[in-house]
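Basis for what follows: all heavy atoms, side chains included, without hydrogens, waters or symmetry-related copies.
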Amino acid sequence: MSMQSQIYDKIAEAVACKHLNVINESHMHSRGEESHFKVIVVSEQFVGQRLLQRHRKINEVLKDELQNHIHALAIHAYTPEEFSDKEGQTPESPKCLGGSKFDS
């Protein structure tokens with residue numbers, strides 16, 4: 001199973017998503033492997049939660065992947081209303097500055 005699919009499945013299982021997109025952005029970086037991702041998660045579960053709480057939820061779901069496989073993860077976690085207000089648009093991910101914990 002690809003890392004992208006694994007991320008998707010784990011989030012979908014842990015969060016009741018109205019919309020979920022996992023984008024492999026590894027091609028934009030020098031590493032070339034599945035190590036850089038952007039997730040867009042839209043859920044009613046985020047209503048009343050601060051951004052930090054939403055990010056903590058996703059980070060907890062992907063704890064193993066973050067410790068062992070993923071170098072960079074851009075999280076965009078919205079309520080359905082917030083996502084609608086943004087017309088489904090999300091910011092571009094920042095440029096990677098390197099410094100991978102996986103480099104020797």
Taking the side chain as every heavy atom from C-beta outward, state whether K38 and H76 have any pair of such atoms under 4.5 Å apart. yes
May I ask whether M3 and I75 are part of the same hydrophobic cluster, defined by side-chain heavy atoms of I, L, V, M, F, W, Y residues being less than 4.5 angstrom apart, directly or through others? yes
Write out all pairs satisfying side chain to side chain donor-acceptor pair (under 3.5 Å) with one or both partners inside residues 50-64, taking only residues at least two apart or from two chains. R54-E82, D64-N68
Would you please test Q4 and I7 for side-chain contact (heavy atoms from CB on, under 4.5 Å) and show each step? CA-CA 5 Å; Q4 184 175 6; I7 292 168; 5.8 Å; no
Might you work through the side-chain contact (heavy atoms from CB on, under 4.5 Å) test for I40 and F83, ending with a clear yes or no? CA-CA 10 Å; I40 303 162; F83 194 62; 3.8 Å; yes
Under 3.5 Å, which donor-acceptor pairs link side chains of residues 9-21 to any protein atom two or more places apart or in another chain?
unit_1 : atom_1 : unit_2 : atom_2 : d
K10    : NZ     : E65    : OE1    : 3.2
K10    : NZ     : E65    : OE2    : 3.1

Minimal non-hydrogen separation, S35 against S26, with atom names: N-OG, 2.8 Å
So, T79 side chain and V47 main chain: donor-acceptor pair closer than 3.5 Å or not? no
Kindly indicate whether the side chain of Y78, heavy atoms from C-beta on, has any atom under 4.5 Å from the side chain of D85. no
Supply the atom-to-atom distance L66 CG to F37 CZ, rounded to the nearest 0.5 angstrom. 10.5 Å
Just jot down the side chain to side chain contact (heavy atoms under 4.5 Å, CB included) partners of S5, sequence neighbours excluded, or say none. M1, S2
Is there a chain of hydrophobic side chains (I, L, V, M, F, W, Y, each step under 4.5 Å between heavy atoms) that links I58 to I23? no
